[in-house]
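Take a look at the structure below.
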Amino acid sequence: MEQVTVKNDRLRMEVLDYGAIIQRLQLRDARGAYTDLVVGLQEPEAYLADQAYLGACVGRFAGRISGGVLRVGNENHRLSHRDGITLHGGERGFGKRTWKLEAQRTSGDTAGVLLSYFSPDGEEGFPGNLRVRVLYQISGNSLLVRHQAVTDRPTVVSLANHSYFKIDSSGSIDHYRLRLNARERLETDQRLLPTGRILDISQTEFDFRQEREIGATRLDTPYILNGAMPAAELLSPESKIRMQVTTNQPAVVVYTPPHFPGICFETQGYPDAPNHPGFPSTELHPGEEYLNESRFTFEYI
């Protein structure tokens, strides 16, 4: 397993070729001390047994696809699945593959790592030879995550970074203050699969349009973004770190895991979009390029 470290005066990041994982992301304060911003494992080899997708690039399709069968055009493709659900690309999605470290770039205040992965036609059941690149680039106090992909056959693509953000040293995220630029969410069933219904979240526990404490609310929720940026803001009153998320994606799945403190902002297409014609399409065709560009910015207030 190969590990790369890049840094500037504000941020320090460690990236693994396995899973294109962001193992560590740290913010430097005015005194020179660093605060960890993401949940990570100490030893790279520990990620081989990780089931939480810590810091990984998840795909070929982030989130869930139901039914175990993918229909693209007039063709059906049997996907690898568990109990009829294909999660984050299948049994061995992109977060459990070894990527190629293409380049490490540093120019002034900007430093980054470019990784690539070739997903052959039929991998986990998905059609098309898919060529994927992921750029992690720090500039000033922000991290740019850019996913790109091209295919030689009609397929579906929805990629996302799966970092769990934890912006102070507390053992909880209940005191974090969250704001989301979303007034709608996808309704999901007991298996967290979208039903196809879009719900107004006004005056419900899911409504974070006005910044408020997360408290006891636990989320595994696909929010429909309204286009206003930032898509999400997170503040720790303890560390005084504010985080902002901007993206070109139509949705963000906000996930707060039950077993450890952290919060994911999975900027992506709609989960299970291939099975819901009314959702924005996640199909990718030859001659097109998939692009998911999301930026995570951190500052002390």
Side-chain angles (χ1 to χ4, degrees), residues 39 52-53 58 61-66 85 87-88 158 160-168 170-238 241-282 292 294-297 301:
V39 178
Y53 302 92
V58 291
F61 197 95
R64 291 165 170 78
I65 297 177
S66 63
I85 298 175
L87 175 63
H88 292 331
S158 182
N161 178 261
H162 208 278
S163 289
Y164 294 81
F165 293 94
K166 186 175 180 300
I167 55 176
D168 64 26
S170 170
S172 170
I173 64 167
D174 293 5
H175 60 290
Y176 286 5
R177 299 186 65 83
L178 175 64
R179 187 172 78 88
L180 299 170
N181 265 319
R183 58 171 285 176
E184 296 176 317
R185 69 177 179 92
L186 299 182
E187 182 184 59
T188 54
D189 64 18
Q190 292 183 337
R191 299 196 298 165
L192 297 173
L193 292 169
T195 65
R197 293 183 64 204
I198 293 174
L199 303 181
D200 189 314
I201 61 173
S202 300
Q203 300 181 352
T204 72
E205 64 174 328
F206 301 100
D207 190 353
F208 285 92
R209 286 175 297 168
Q210 299 298 319
E211 181 184 284
R212 64 178 176 89
E213 277 193 355
I214 292 175
T217 304
R218 288 298 174 260
L219 302 168
D220 196 343
T221 308
Y223 284 91
I224 298 173
L225 298 175
N226 63 19
M229 292 295 142
E233 289 187 283
L234 190 69
L235 170 67
S236 165
E238 291 190 7
I241 293 175
R242 182 183 296 278
M243 170 184 172
Q244 293 186 330
V245 183
T246 62
T247 184
N248 67 345
Q249 295 298 288
V252 58
V253 175
V254 182
Y255 175 46
T256 55
H259 304 303
F260 60 88
I263 181 169
C264 278
F265 297 97
E266 303 167 52
T267 54
Q268 59 182 261
Y270 289 16
D272 205 26
N275 290 311
H276 296 277
F279 288 1
S281 176
T282 51
N292 175 341
S294 302
R295 186 177 295 272
F296 306 85
T297 302
I301 61 170

Under the salt bridge (Lys or Arg N to Asp or Glu O under 4.0 Å) rule, what pairs show up with a residue in [range], not counting sequence neighbours?
range: residues 188-197; result: E187-R197
range: residues 229-238; result: R179-E233, E233-R242
range: residues 259-270; result: none

Nearest atoms (heavy-atom pairs only) where [X] meets [Y]:
X: P257; Y: G262; result: CD-O, 3.1 Å
X: H162; Y: V58; result: CB-CG1, 4.0 Å
X: Y255; Y: P258; result: OH-CD, 3.7 Å
X: G269; Y: P250; result: CA-CG, 4.1 Å
X: P271; Y: V253; result: CG-CG2, 4.0 Å
X: H175; Y: P237; result: O-CD, 3.5 Å

Working to the nearest 0.5 Å, report the span between [atom1] of [X] and [atom2] of [Y].
X: T267; Y: N161; atom1: OG1; atom2: CG; value: 7.5 Å
X: N275; Y: S66; atom1: CG; atom2: OG; value: 4.0 Å
X: K166; Y: I263; atom1: NZ; atom2: CD1; value: 13.0 Å
X: L180; Y: L219; atom1: CG; atom2: CG; value: 8.0 Å
X: S202; Y: R183; atom1: OG; atom2: CZ; value: 5.0 Å
X: D207; Y: I201; atom1: CG; atom2: CD1; value: 4.5 Å

Are the side chains of [X] and [Y] in touch, meaning some heavy atoms are under 4.5 Å apart?
X: Y164; Y: I173; value: no
X: D272; Y: R64; value: no
X: D168; Y: I241; value: no
X: L234; Y: V245; value: no
X: I198; Y: I224; value: yes

Pairs flagged by side chain to side chain donor-acceptor pair (under 3.5 Å) wherever residues 213-224 is involved - sequence neighbours left out: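 Pairs touching residues 213-224 that pass the test: D174-R218.
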What pairs with A228 under side chain to side chain contact (heavy atoms under 4.5 Å, CB included), at least two apart in sequence or on another chain?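 Counting only residues at least two positions away or on another chain, A228 forms a side chain to side chain contact (heavy atoms under 4.5 Å, CB included) with N181, N226.
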Name all residues meeting the side chain to side chain contact (heavy atoms under 4.5 Å, CB included) criterion together with A273; count only those two or more places apart in sequence or in a different chain, and write none if there are none.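 A273: side chain to side chain contact (heavy atoms under 4.5 Å, CB included) contacts with F61, Y270, F279, T282.
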Can you tell me how the ring of Y53 sits relative to the ring of H88, calling it parallel under 30°, perpendicular over 60° and tilted otherwise?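 Answer is perpendicular, since the angle exceeds 60°.
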For a ring pair (Phe, Tyr, Trp, His ring centres under 6.0 Å) check, start with the C-alpha distance between F296 and F265, then their side-chain angles and the critical distance, and finish with the verdict. CA-CA 10 Å; F296 306 85; F265 297 97; 7.6 Å; no
